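What follows is a short report on a single structure.
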Amino acid sequence: MAGAFNYDWRIDLDALVFSHPASGSRCFVHRLAFRALTRNAAPTAQDCMRWFVGHRAAFEAAADEKAGHGPVPGNAFNLNSREIRRALRMLRAS
């Protein structure tokens with residue numbers, strides 16, 4: 001896992017994975033979600049990870065909303081670009 005945030009890029013899934021402590025789960029965000037979020041047709045794994053670090057609070061808020069602060073079946077879930085955009089809007093409004 002990279003840095004203090006506990007996240008990494010899964011080459012086999014073409015996705016960023018980060019831990020969501022509130023649910024004890026792993027959260028996955030596919031490169032296609034980053035493509036929509038960054039408006040970059042071909043973001044690299046490094047581009048995605050940088051964007052994640054710069055918008056960490058939105059990813060955490062989206063994960064909180066989706067997981068509902070409880071156990072998640074299978075201990076893993078995905079976030080899509082709509083869920084992350086909603087969290088970004090929420091954070092900007094507060």
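Numbering of residues begins at 1 and proceeds along the displayed sequence. Quantities reported herein were computed from a predicted structural model and do not represent experimental measurements. Reckoned from all heavy atoms, side chains included, excluding hydrogens, waters and symmetry mates.
Atoms CG and OG, on Asn75 and Ser23 in that order, are 7.5 Å from each other to the nearest 0.5 Å. Taken from NE2 in His20 to CZ in Phe77, the straight-line distance is 5.0 Å, to the nearest 0.5 Å. The SG atom of Cys27 sits 7.5 Å away from the NZ atom of Lys66 when rounded to the nearest 0.5 Å. For the atom pair Arg31 CZ and Trp9 CH2, the distance stands at 4.5 Å (nearest 0.5 Å). We find the NE2-CG distance between His55 and Leu88 to be 6.0 Å, quoted to the nearest 0.5 Å. Within the model, atoms CD1 of Ile84 and CD of Glu60 stand 12.0 Å from one another, a figure rounded to the nearest 0.5 Å.
Between the side chains of His30 and Asn80, no donor-acceptor pair of N or O atoms lies under 3.5 Å.
Of all heavy-atom pairs spanning Leu79 and Ala33, the tightest one is O-CB, 4.5 Å. Residue Arg56 comes nearest to Ser19 through the heavy atom pair NH2-O, 4.2 Å, listed as atom of the first residue, atom of the second, then distance. For Arg35 against Asn40, the heavy-atom pair with the smallest separation is CG-O, 2.9 Å.
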If you look only at distance, which donor and acceptor atoms sit under 3.5 Å apart when one is on a side chain in residues 44-53 and the other is two or more places apart or in another chain?
unit_1, atom_1, unit_2, atom_2, d
Thr44, OG1, Gln46, N, 3.4
Thr44, OG1, Asp47, N, 2.9
Thr44, OG1, Asp47, OD1, 3.4
Thr44, OG1, Asp47, OD2, 3.2
Asp47, OD1, Arg50, NH2, 2.7
Asp47, OD2, Thr44, N, 2.9

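Qualifying side chain to side chain contact (heavy atoms under 4.5 Å, CB included) partners for Arg86, counting only residues two or more places apart in sequence or in other chains: Glu83, Arg89.
For an aromatic pair to be called close, the ring centres must be under 6.0 Å apart, and Phe34 with Phe59 satisfies this.
Looking at Arg85, its side chain does come within 3.5 Å of a backbone N or O of Ala36 through a donor-acceptor pair.
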